[in-house]
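These numbers come from the heavy atoms of this one structure, side chains and all, not from hydrogens, waters or symmetry mates.
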Amino acid sequence: MRLMTCVLFWLAISASFGQPGTEQAGSAQAPGLGSDETWKALDSLVGTWVGEGSGDPGQGTGGFSFASDLQGKILVRKSYADYPATKDRPASSHQDLMVVYQEPDTRLPKAVYLDNEGHVINYTVTLSPDAKSIVFLSELRPSTPRYRLIYIMTGKDRVELTFEIAPPDKPDSFTTYIKAGARRQ
């Protein structure tokens, strides 16, 4: 449950009127797209993104970004969220990092997510044939929920994010947990 909370911290930022954050990474592979084409298609995510939302009291502020690193060999996504204190909880801050890379043998994209609470999630990454949808799907692990993070490019500088969770006993029965939009700064 705590892992889900951490993963959702940065997504909640996207749903609120956030401040720009740090860098973020993504990569994808789809039928018909070679790995180099796929890697290039991920350029659509590079940049600093600010969440769009209501800004209701108690919602977090923050941001995320994607950046190429190691001479184009990886993409790095960093994000942060700062949440004000409420009557039910103290103020809190969340930071996470995701590194997207290509497997050396297959050149298929993979990602690893880490956060300031000690969580680690390994993802496979796929890209839709039109290169507008990028999906991060967590590995199957016994007795652990499964996560799916979807970025859909809705314009040159706009993205829709969907974060879904499947219970451990039904790893392919995803339910939408957060749906948000973000714009590139």
Side-chain angles (χ1 to χ4, degrees), residues 1-18 20-31 33 38 41-56 59-66 75-81 83 94 96-100 109-115 119 121-141 144-168 170-185:
M1 190 63 156
R2 189 158 165 102
L3 171 61
M4 175 175 39
T5 302
C6 290
V7 172
L8 297 176
F9 267 121
W10 75 267
L11 285 171
I13 300 165
S14 300
S16 68
F17 61 92
T22 53
E23 304 172 50
Q24 190 170 7
S27 165
Q29 178 78 19
L33 284 178
T38 300
L42 295 172
D43 284 345
S44 63
L45 290 175
V46 171
T48 300
W49 297 86
V50 177
E52 298 180 321
S54 68
D56 292 336
Q59 287 189 337
T61 60
F64 66 92
S65 66
F66 283 86
L75 289 174
V76 177
R77 187 200 80 200
K78 292 182 181 178
S79 70
Y80 76 92
Y83 292 91
H94 172 82
D96 66 62
L97 168 78
M98 186 162 54
V99 176
V100 183
K110 301 277 187 168
V112 61
Y113 165 96
L114 306 114
D115 66 25
H119 299 109
I121 304 173
N122 292 300
Y123 286 106
T124 57
V125 187
T126 57
L127 186 73
S128 65
D130 66 0
K132 293 195 183 285
S133 176
I134 300 166
V135 179
F136 293 78
L137 180 62
S138 68
E139 296 178 342
L140 283 171
R141 296 180 68 188
T144 302
R146 197 164 186 206
Y147 305 100
R148 182 165 57 193
L149 172 60
I150 305 166
Y151 290 89
I152 299 174
M153 299 305 297
T154 58
K156 180 179 179 253
D157 294 320
R158 297 225 182 272
V159 66
E160 182 179 284
L161 301 127
T162 304
F163 183 69
E164 301 171 321
I165 302 171
K170 296 181 182 177
D172 293 318
S173 297
F174 289 96
T175 301
T176 299
Y177 194 78
I178 290 179
K179 193 166 190 128
R183 64 179 166 75
R184 188 184 340 253
Q185 278 196 317

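In plain terms, the two heavy atoms of Pro167 and Ser173 that are nearest each other are CD-O, 3.6 Å. Summarising the geometry of Asp130 relative to Lys132, their closest heavy-atom pair is OD1-N, 3.0 Å, with the distance given to 0.1 Å. Here the shortest heavy-atom pairing between Tyr123 and Phe136 reads CD2-C, 3.4 Å. Taking both residues in full, the closest heavy atoms of Leu161 and Ala182 are given as CD1-CB, 4.2 Å, listed atom of the first, atom of the second, then distance. In terms of heavy-atom proximity, Pro145 sits nearest to Pro168 at N-CG, 3.7 Å.
Note that CH2 of Trp49 and CZ of Arg183 are 10.5 Å apart. Values are rounded to the nearest 0.5 Å. The CD1 atom of Ile134 lies 7.5 Å from the CE atom of Met153; values are rounded to the nearest 0.5 Å. Atoms CE and CG, on Met98 and Asp115 in that order, are 12.0 Å from each other to the nearest 0.5 Å. Note that CG of Leu137 and CZ of Phe174 are 5.0 Å apart. Values are rounded to the nearest 0.5 Å. If you take OG1 on Thr144 and CD1 on Ile121, they are separated by 10.0 Å, rounding to the nearest 0.5 Å. Separating the CD atom in Glu139 from the CG atom in Asn122 is a distance of 4.5 Å, to the nearest 0.5 Å.
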Open item on the list: Under the criterion side chain to side chain contact (heavy atoms under 4.5 Å, CB included), I'd like the reasoning laid out for Thr124 against Lys110: C-alpha separation, chi angles, the key distance, then a yes or no.
Closed with: CA-CA 5 Å; Thr124 57; Lys110 301 277 187 168; 3.5 Å; yes
TODO: Determine, stepwise, if the pair Leu75 / Leu45 fulfils side chain to side chain contact (heavy atoms under 4.5 Å, CB included).
DONE: CA-CA 10 Å; Leu75 289 174; Leu45 290 175; over 6 Å; no
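Using a 30° and 60° split on the angle between ring planes, Phe163 and Tyr147 fall in the parallel class, below 30°.
By the 4.5 Å heavy-atom criterion applied to side chains, Thr162 and Arg148 are not counted as neighbours.
Side-chain atoms of Arg184 come within 3.5 Å of backbone N or O of Lys156 as a donor-acceptor pair.
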